[in-house]
Amino acid sequence: MDISPEKSLDTAARIAAESKSLVILTGAGVSAESGIPTFRGENGLWKNYRPEELATPEAFRNHPALVWEWYNFRKNLISEKSPNPAHYAITELQHLLPDVSLITQNVDSLHNVAGTINLIEMHGNIFRARCTNCGKTMEYRRTEDNSPVCSFCYGALRPDIVWFGEMLDPVIVSKIESVLYHADTMIIAGTSGAVYPAAGYTDYLLRRNKTVIEINTEKSGREAEKYLMLTGKAGDIFPELSRKIKSIKEKEV
Ligand code: OAD
């Protein structure tokens with residue numbers, strides 16, 4: 001879209017206000033202002049490991065205690081953090097618009113804490129574990145054990161997270177497909193687009209002539225007729241967007 005930056009937020013608000021079915025896709029950048037480091041930004045490394053080295057079934061098979069140590073470190077960090085204005089503004093959008101679903105790649109639960117509904121946690125949740133023996137999943141908040149076992153069968157527990165090289169849960173996949181199929185507009189926020197399948201959702205919507213609004217601190221450089229870039233922090237832009245949509249809706253009545 002060929003519009004000046006100061007008009008882009010107004011345009012985005014108008015588009016979102018008219019949306020009958022909006023899908024929001026979030027990534028680590030939306031939690032950055034809560035104090036949780038992004039994966040590919042500053043402080044993204046833990047003990048010099050990249051996420052691709054630890055978030056894999058192979059890493060867990062060969063070094064389960066190391067992988068649990070990393071997750072326990074992150075659980076401790078995340079459990080001290082709270083949702084930021086972006087999380088709350090997304091929940092507010094769900095009260096202003098007829099149909100808003102949220103797909104998140106984040107595993108930190110902050111959208112949940114902020115009260116968001118219609119939430120799909122596509123990569124799992126860091127406060128859940130799954131038994132590698134009996135397959136049961138459970139809430140698991142403890143952080144002191146680097147080799148936890150299942151309380152039902154004593155099999156080894158693993159974080160209930162989708163790792164690199166693993167398939168998403170088919171139930172989650174079909175929910176995502178349905179939401180993307182029915183959406184007329186998508187807001188994608190705080191994600192580098194480095195990890196599939198989420199990285200493919202923008203093109204899927206644009207190919208089907210739907211509008212995509214991106215919120216990121218870095219410009220993507222993407223060009224498409226129905227694509228609009230809002231450069232800045234999610235914690236500034238989402239509340240502003242919500243305020244503008246609210247004022248449009250108030251004028252409608
Ligand atoms: P990344 O760390 O790859 O990207 C974070 C994005 O957020 C970057 O594009 C930043 O420019 C942007 N950003 C940073 N601060 C921001 C802010 N305040 N407001 C808006 N944008 C901001 O994170 P993801 O794309 O979420 O997988 O990473 C995808 C997946 O890779 C993660 O879900 C994780 C990881 O390995 C698993 O855990 C399975």
M186/L180 under side chain to side chain contact (heavy atoms under 4.5 Å, CB included): CA gap, chis, key distance, verdict: CA-CA 8 Å; M186 176 159 92; L180 293 177; 4.3 Å; yes
Side-chain touch S242/L96, heavy atoms, less than 4.5 angstrom: yes
Out of curiosity, does I120 fall in the hydrophobic cluster containing Y204 (side-chain heavy atoms, cut-off under 4.5 Å, transitive links)? yes
Do N216 and M229 have side chains that approach each other closer than 4.5 Å (heavy atoms only, starting at C-beta)? yes
Here the pair of heavy atoms bringing A189 nearest to V30 is O-CG2, 3.6 Å
Taking T56 for its side chain and A59 for its backbone only, find out whether a donor-acceptor pair lies under 3.5 Å. yes
Kindly indicate whether the side chain of T211, heavy atoms from C-beta on, has any atom under 4.5 Å from the side chain of D184. no
Minimum-distance pair of heavy atoms, taken over all atoms of N106 and A28: OD1-N, 3.0 Å
Test W70 against Y49 for side chain to side chain contact (heavy atoms under 4.5 Å, CB included), laying out the working first. CA-CA 10 Å; W70 179 49; Y49 291 104; over 6 Å; no
Between CG on residue L157 and SG on residue C131, distance to nearest 0.5 Å: 6.0 Å
Could you state the interatomic distance from CD1 (I237) to NZ (K244), rounded to the nearest 0.5 Å? 11.5 Å
Do the charged groups of E52 and R40 touch, with an N to O distance under 4.0 Å? yes
Starting from V195, can I reach F39 by hopping between I/L/V/M/F/W/Y residues whose side chains sit under 4.5 Å apart? no
The reported gap from CG in N112 to CG in N125 (rounded to nearest 0.5 angstrom) is 7.0 Å
Heavy atoms of R130 and G135 approach each other most closely as CG-O, 3.8 Å
Within the 4.5 Å heavy-atom criterion, are K246 and R243 side-chain neighbours or not? no
Are V173 and E177 packed together at the side-chain level, in the sense that at least one heavy-atom pair is separated by less than 4.5 angstrom? yes
Is R142 salt-bridged to E144, going by a charged N under 4.0 Å from an acidic O? yes
Might you confirm whether atom NZ of K249 has over 12 heavy atoms from other residues, nucleotides or ligands at distances under 6.0 Å? yes
Tell me whether I36 is reachable from L54 by hopping between hydrophobic residues (I, L, V, M, F, W, Y) whose side-chain heavy atoms are closer than 4.5 Å. yes
Looking at D108 and K81, is any side-chain nitrogen of the basic one under 4.0 Å from a carboxylate oxygen of the acidic one? no
Looking at R222 and D203, is any side-chain nitrogen of the basic one under 4.0 Å from a carboxylate oxygen of the acidic one? yes
Around atom OH of Y181, are there more than 12 heavy atoms from other residues, nucleotides or ligands closer than 6.0 Å? no
May I ask you to test the P197-L168 pair for a side-chain heavy-atom distance under 4.5 Å? yes
Using the side chain to side chain contact (heavy atoms under 4.5 Å, CB included) rule, take F238 and I215 through it: C-alpha gap first, then chi angles, then the decisive distance, then the call. CA-CA 9 Å; F238 269 115; I215 299 172; 3.7 Å; yes
Could you tell me the separation between the CH2 atom of W68 and the CZ atom of F60, rounded to the nearest 0.5 Å? 7.0 Å
Enter the distance from T143:OG1 to I126:CD1 here, rounded to the nearest 0.5 Å. 10.5 Å
Judged by atom type as modelled, is there a donor-acceptor pair below 3.5 Å linking the side chain of R158 to the main-chain atoms of I161? yes
Side chains of L230 and E214, heavy atoms from C-beta outward: is any pair under 4.5 Å? no
By salt bridge (charged side-chain N to carboxylate O under 4.0 Å, His left out), which residues pair with D99, not counting sequence neighbours? none
Heavy-atom nearest pair, E33 first then G235, reads OE2-N, 3.0 Å
What are the two closest non-hydrogen atoms of G35 and L77, and how far apart are they? O-CD2, 4.4 Å
T104 and E121: side chain donor to acceptor below 3.5 Å: no
Member of R74, H63, K47 meeting the side chain to side chain donor-acceptor pair (under 3.5 Å) criterion with E69: K47
Within the 3.5 Å criterion, strictly below it, is a donor on T26 or H111 matched to an acceptor on the partner's side chain? yes
For W163, enumerate each residue passing the side-chain hydrogen bond (donor to acceptor under 3.5 Å, both in side chains) test, keeping only those at least two apart in sequence or located in another chain. Y71
Can you measure from CD (E166) to NE2 (H123) and round to the nearest 0.5 angstrom? 11.0 Å
Say whether Y227 and S220, considering side chains only, have a donor N or O and an acceptor N or O under 3.5 Å apart. yes
Would you say L97 ends up clustered with L228 if hydrophobic residues are merged whenever their side chains have heavy atoms under 4.5 Å apart, either directly or through other cluster members? yes
Contact summary for A17 and I248, nearest pair of heavy atoms: CB-CG2, 3.9 Å
Do E218 and T231 meet the criterion of a side-chain donor-acceptor pair at a distance under 3.5 Å? no
Test side chain to side chain contact (heavy atoms under 4.5 Å, CB included) on L241 and I213; report intermediate values, then the result. CA-CA 11 Å; L241 201 59; I213 298 162; 5.6 Å; no
Taking the side chain as everything from C-beta on, heavy atoms only, tell me whether C150 gets closer than 4.5 Å to C134. yes
Among side-chain atoms of T91 and T116, is any donor-acceptor pair under 3.5 angstrom? yes
Please evaluate residues D160 and T137 with respect to the criterion side-chain hydrogen bond (donor to acceptor under 3.5 Å, both in side chains), reporting the C-alpha separation (whole Å), side-chain torsions for both, the decisive distance (0.1 Å), and the verdict. CA-CA 7 Å; D160 191 21; T137 57; 4.8 Å; no
Taking atom NZ of K75 as the centre, report whether more than 12 heavy atoms of other residues, nucleotides or ligands fall under 6.0 Å from it. yes
Is there a continuous path of hydrophobic side-chain contacts, each under 4.5 Å between heavy atoms, that joins V162 to Y140? no
